[in-house]
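None of these values were measured; they are calculated from a predicted model.
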Amino acid sequence: MNRVTLKDLGKKSLVLQVPKPVAIGTQQLYANLKIEFELDLEAEIGYGGNCLVYHAYEMVEIGDTTFRHKVILKEFYPVLTTGEDKIIRNEDGSLFIPESISCQELYQRKLNRFKNSYKLFMEFHNAKDTNNYVVDACELVQGNGTWYLIVNYNEACSLEEYMETKPNLYDFGKVMKRIAEAVANFHEMGYLHLDLTPGNIMVFKDGSVRIMDTDSMLKKEDLRIEHPILSWSDGYAAPELRGERAYQRLSKMGERTDVFSIGAILYHYLYEQKLQFLNEAGELDREKINTLLSKYSYEKTLRTKIEEKYGLHRENPCQCPQNAVRKIRELLRLLLAEKMPCRYANMREVAGALEELLPLVEPKSVRILDNFRKNQDKVFGREAKLRELEKKFSEQSEAGANRLVMIYGIGGIGKSTLARAYGEQNLKRYETIVEVAAESAKDVINSISIANFESDNFEERLALLKNLLQEQKILLIVHDFFRYVYPRRPETFRRIIRHL
């Protein structure tokens, strides 16, 4: 269904005649109040399942002066796929809705959903936990052959527009954390959004966020009602919302359905494109879903995409810490899992995971940089050695001593492979894993990369490392140290530990 917009007709303004109650003596009569809008034809028009969204200026007269008040106009103009009759846009810009359509149950349910969105705005605006997370809905009015929701438009931009400014990982991560916190509050009030997209989230100059669309929201208990209207957007909707079997899965939908949309938005930011699950015929493609969400095909270029976003707007570009890469990979896997039970359980968990990511990508933070890379091939036959390593580190940890374990032997027996295998097994135990190859204790210290530290002074580096080691739990892997040091005695290596 192609919907004709006011912009398509070249309309620059919109005038609504709205009946308003007027008290005259003891009688209450109605007079038509004229509300005039100037349309912003340069702004993109939003297309929702139930409405068209325009940017406009409400012309407000105060005395002899007319002020232009920026608003968003949501025009009720639903997508209907049943029947031969269609909603018609007249030349004057008004809508003509044939009686055969206006009497349809589907049309009436969509209209009630649209009207209810205003009530939801007011409910959330008046609630302590959500009043800072929704835009201000001014009024719901009837006119021009349909209904309009007038929403205050403060100095902000949509998340979609914000993404076009190319924010770095840290700034975007902060915004995503606030979105997760906002949606968590709606969930805790008993509502699911079900249609989170970059187009219906507003980002303000101070980094705060607000939801500007409540049309799609449902109370959790409404999912038990037979065939509630489901509104979702391609590229961001969870698999369970899509397809003919969506209504058979209603009882299983919940907070995890919105969790998926957060992952889809993060995917869009990193890859600068939406998740594509439809084939050329516009039908759901199960093979695409399986390839992306179960086989993680997007991970082939994930490291490159993360590096690009990490390096944005930096005076001194440097490699993204590998623990940040691992965290984002984990985030996407737990956000975009095809099966609902495999996703984060709720938005508080999502916000917590994003909170853990932020220090790793903070542009100005002074941190020891993680450069750990897993073995390319799976390690077989070293289970006994790995258990021995685990035991030695655990014993020394319990004793409160420095955890020092040396692996030595002839070249080519897999010492580095074993060390990396231990690191891979214990990724969650350490905040940072560092690998260096050095000839002396001093070389080891000089080889550890520190973000936002540029001094060549060894004593300054050493003092800083001591402080950072108190803040970060680190696994240090030193390769080939004994190739340069003879005799092979633990005391030689312990000099490093004494330094740090």
Side-chain angles (χ1 to χ4, degrees), residues 1-2 47-49 79 81-82 159-160 163 172 176 180 183 192-200 216 218 223 227-309 325-347 349-350 353 374 376-378:
M1 173 183 175
N2 293 321
Y47 293 83
V79 174
T81 57
T82 58
L159 180 62
E160 191 169 28
M163 287 161 65
F172 190 76
M176 290 299 292
V183 179
L192 302 175
H193 193 283
L194 302 180
D195 194 23
L196 291 167
T197 74
N200 60 30
S216 62
L218 285 174
L223 292 175
H227 289 314
I229 295 175
L230 296 176
S231 178
W232 53 270
S233 300
D234 185 41
Y236 306 100
E240 60 268 21
L241 274 169
R242 301 161 174 265
E244 297 178 357
R245 297 180 59 193
Y247 287 101
Q248 299 174 22
R249 297 187 285 261
L250 284 173
S251 62
K252 296 180 180 179
M253 292 182 196
E255 296 179 20
R256 285 183 166 101
T257 304
D258 282 337
V259 164
F260 184 94
S261 296
I262 296 293
I265 293 171
L266 179 57
Y267 177 95
H268 187 170
Y269 163 72
L270 289 169
Y271 289 88
E272 299 181 7
Q273 64 180 20
K274 300 177 185 178
L275 279 170
Q276 296 296 330
F277 295 145
L278 303 181
N279 58 25
E280 293 180 358
E283 301 167 337
L284 200 62
D285 190 326
R286 293 300 311 175
E287 182 57 33
K288 281 189 174 182
I289 292 177
N290 185 51
T291 301
L292 275 166
L293 305 186
S294 297
K295 297 180 180 178
Y296 315 114
S297 60
Y298 61 84
E299 290 188 358
K300 293 178 182 177
T301 56
L302 181 58
R303 188 187 303 275
T304 301
K305 298 299 181 183
I306 293 171
E307 293 281 2
E308 289 172 1
K309 301 300 182 185
V325 175
R326 293 194 297 271
K327 188 65 184 177
I328 294 171
R329 181 185 292 112
E330 178 187 56
L331 261 169
L332 285 173
R333 286 194 174 199
L334 293 175
L335 290 168
L336 294 177
E338 181 180 1
K339 296 179 179 178
M340 284 179 278
C342 297
R343 297 175 204 156
Y344 288 108
N346 55 63
M347 282 294 180
E349 285 189 8
V350 176
K374 299 178 183 178
Q376 290 186 347
D377 299 318
K378 192 171 179 62

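Between K252 and E240, every side-chain heavy-atom pair lies at or beyond the 4.5 Å cut-off. Counting heavy atoms from C-beta on, the side chains of L270 and L332 come closer than 4.5 Å. Taking the side chain as every heavy atom from C-beta outward, M347 and E255 never approach each other to under 4.5 Å.
In terms of heavy-atom proximity, G235 sits nearest to A264 at O-CB, 3.6 Å. A pairwise comparison of heavy atoms in D258 and L194 identifies OD1-N, 2.7 Å as the closest pair. Heavy-atom minimum distance, L293 versus P239: CD1-CG, 3.9 Å. Taking each heavy atom of P198 and I265 in turn, the nearest pair found is CD-CG1, 4.1 Å. Across every non-hydrogen atom of A180 and V350, the tightest pair is CB-CG1, 4.0 Å.
Considering CG of N290 and NZ of K295, their distance stands at 5.0 Å, rounded to 0.5 Å. Atom CE of M163 and atom CD of E272 lie 8.0 Å apart (nearest 0.5 Å). Taken from CE in M176 to CD1 in I262, the straight-line distance is 4.5 Å, to the nearest 0.5 Å. A distance of 10.0 Å separates CZ in F277 from NZ in K288, rounded to the nearest 0.5 Å. In this structure, OG1 in T197 is found 8.0 Å from NZ in K274, a value given to the nearest 0.5 Å.
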### Task
Decide yes or no on side chain to side chain contact (heavy atoms under 4.5 Å, CB included) for L336 and F260, but give the supporting numbers first.
CA-CA 5 Å; L336 294 177; F260 184 94; 3.8 Å; yes
### Task
Evaluate the side chain to side chain contact (heavy atoms under 4.5 Å, CB included) criterion for residues N346 and V259: first the C-alpha distance (whole Å), next the side-chain angles of each, then the deciding distance (0.1 Å), finally the verdict.
CA-CA 7 Å; N346 55 63; V259 164; 5.9 Å; no
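Judged by the 6.0 Å and 45° rule, K309 forms no cation-pi pair with F172. The side-chain tip of R256 does not point at the ring of Y344 from less than 6.0 angstrom away and within 45° of straight on.
Using a 4.0 Å cut-off between charged side-chain N and carboxylate O, R333 and E330 make no salt bridge. Of the charged side-chain nitrogens involved, at least one lies within less than 4.0 Å of a carboxylate oxygen, so that E338 and R286 count as a salt-bridged pair.
Without hydrogens or angle criteria, E307 side chain to R303 main chain gives no donor-acceptor distance under 3.5 Å. W232 places a side-chain N or O within donor-acceptor distance of the main-chain N or O of L241, the cut-off being under 3.5 Å. Looking only at distances, no side-chain donor or acceptor of D195 sits under 3.5 Å from a matching main-chain atom of S216. Y236 contributes no side-chain N or O that, together with a main-chain N or O of L275, makes up a donor-acceptor pair within less than 3.5 Å. No donor-acceptor pair closer than 3.5 Å links the side chain of R343 to the backbone N or O of L334.
The aromatic rings of Y267 and Y271 sit parallel to each other, their planes meeting at less than 30°, with 60° as the upper class boundary.
Side chain to side chain, E308 and T304 fail the donor-acceptor criterion of an N or O pair below 3.5 Å.
None of L218, T257, N200 except one satisfies the side-chain contact (heavy atoms from CB on, under 4.5 Å) rule with H193; the exception is N200.
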